[in-house]
Amino acid sequence: MWLAGDVGGTKSLAGLFTGDRDRPEPVIVREYVTTGFDSLVELVDAFIEDVGPPAVAAACFGVAGPITGQVARLTNVAWLADAGPVAGRLGCPVHLINDLVALATSVPVLDASELHVLQEGSAAPDGNAAVIAAGTGLGEAVLHNVDGRFVPSASEGGHADFAPRSAAEAAFVEHLRPLYGRVETERIVSGPGIVNAWGFTHASTDAGGRCRTLEGVDGAGAPAAVVGAAATRTCPACVEAVAIFVGAYGSEAGNLALRSAATAGVYIGGGIAPKILPWLSDGSFLEAFRDKPPLTDYLRLIPVSVILSPSAGLLGAAVVAAQAGASSR
């Protein structure tokens, strides 16, 4: 049996898995609020208290931050993930990987039912693939094609500078600059980015006075509230905010496809994408994805899919744990 975890900026999943190491099957899964803990070992202690001491051969946790050795400080949460104390609790090898590496590891074993195709394209057998996921932050990873096998590689590309494509996006950047100084892509393509777009489109006194979307809504619920208002079209400025987000998301996905030569496919993960499928499917996302002349036709051939499974990252961590457990026998 193996223990896997997917630690994000808002929620964390932990689960026990068994069965085929290529696609382990979950035995029990628990969900936690990440900010309810101060460290990874505290989260693991809570899981042990919930399910009892597990007898596991190996464990792997995907965490939302860069890994140094087997320690990570989460980018958007003020706590530490250290494999050492967790290994002491579990009595088995523990591996930390970036959360997007975990998500990318799941890609080769996902079923067709766990994907929503935005662009059929034509996958190149020898091409790389890429994963991008907007949630509390913006994660990116590359799947390098090595002799026909995908090898995930971490990236912190979400923290690269945002490149506006239009006068409206340039104005949005100028709106954010006094708040953040340097405007990284994550400030726009993420859940908080949707709220930033809301602030930009409601910057005029009139728009701000008419919209009550965020009144009484906490920070975690704000992105969904903006999307909900846009879905009902009760506020044109909320519709515009979501449109800005979708265009920026599509453009960054196209940037990642170019940087990684992801001719085998681009996969859109994270908690937001499945909730905004109508916007991702209406053509504006793909228009921004392809709008990279002179390589528009190149991007038109790349398959693009949304990962529908909310536990794909947990599955990827389980695959790593199962393979590590098998190799240590």
Side-chain angles (χ1 to χ4, degrees), residues 8-10 76 116-119 132-140 158 162-176 179-180 183-204 206-256 266-291 304-308 310:
T10 300
N76 292 306
H116 175 84
V117 177
L118 297 179
Q119 176 168 277
I132 183 170
T136 305
L138 177 63
E140 300 181 357
F162 178 73
R165 300 174 301 121
S166 65
E169 287 188 349
F172 186 17
V173 170
E174 291 309 311
H175 170 82
L176 294 177
L179 300 174
Y180 302 112
V183 179
E184 56 186 327
T185 304
E186 184 174 278
R187 299 295 187 187
I188 293 171
V189 185
S190 64
I194 293 175
V195 180
N196 283 337
W198 183 93
F200 170 63
T201 60
H202 292 75
S204 73
D206 288 346
R210 288 194 303 269
C211 182
R212 298 287 183 265
T213 297
L214 297 186
E215 287 188 359
V217 178
D218 64 18
V226 175
V227 171
T232 59
R233 300 198 170 267
T234 55
C235 173
C238 287
V239 174
E240 183 184 357
V242 174
I244 288 173
F245 168 80
V246 170
Y249 202 172
S251 179
E252 179 61 13
N255 290 339
L256 177 60
V266 171
Y267 296 85
I268 317 301
I272 295 174
K275 298 171 184 174
I276 61 167
L277 279 179
W279 282 277
L280 297 182
S281 304
D282 70 4
S284 56
F285 180 93
L286 286 177
E287 180 181 357
F289 177 85
R290 299 168 183 154
D291 188 21
V304 181
S305 297
V306 175
I307 298 173
L308 300 176

For Ser281 and His116, the nearest pair of non-hydrogen atoms, with its separation, is OG-NE2, 3.4 Å
Which atoms form the tightest heavy-atom contact between Pro192 and Gly135, and what is the distance? CD-O, 3.8 Å
Evaluate whether atom CD of Glu174 has more than 12 neighbouring non-hydrogen atoms of other residues, nucleotides or ligands under 6.0 angstrom away. yes
At what distance, to the nearest 0.5 angstrom, does CG of Leu277 lie from CG of Leu118? 7.5 Å
If every non-hydrogen atom of Ser190 is compared with every non-hydrogen atom of Ala134, which pair is closest and at what distance? CA-CB, 4.1 Å
To the nearest 0.5 Å, what is the distance between CG (Leu176) and CZ (Arg187)? 8.5 Å
Return the OG1 to CD distance between Thr185 and Glu140, rounded to the nearest 0.5 Å. 7.0 Å
Mind checking the CZ-CD1 spacing from Phe289 to Ile268? Nearest 0.5 Å is all I need. 7.0 Å
Separation between CZ of Arg165 and CG of Asn255, rounded to the nearest 0.5 Å: 9.0 Å
Among Ile272, Asn196, Ile188, find the one that has a side-chain contact (heavy atoms from CB on, under 4.5 Å) with Phe245. Ile272
On the 0 to 90° scale, with breaks at 30° and 60°, tag the Phe172-Phe200 ring pair as parallel, tilted or perpendicular. parallel
Quick check for you: to the nearest 0.5 Å, what is the distance between Ser251 atom OG and Phe162 atom CZ? 6.5 Å
Mark yes or no for whether Glu186, through its side chain, and Leu138, through its backbone, hold a donor-acceptor pair below 3.5 Å. yes
Answer whether the closest heavy-atom distance between the side chains of Cys238 and His202 falls below 4.5 Å. yes
So, do Trp279 and Phe285 sit near enough that their side-chain heavy atoms are less than 4.5 Å apart? no
Can you give the donor-acceptor pairs under 3.5 Å from side chains of residues 219-231 to other protein atoms, not counting sequence neighbours?
none

Any idea which heavy atoms bring Pro274 and Gly271 closest together, and the distance? CD-O, 3.8 Å
Mind listing the closest non-hydrogen atom pair of Ala203 and His175 along with its distance? CB-CE1, 4.5 Å
How close do Trp198 and Cys211 get, counting heavy atoms only, and between which atoms? NE1-SG, 3.6 Å
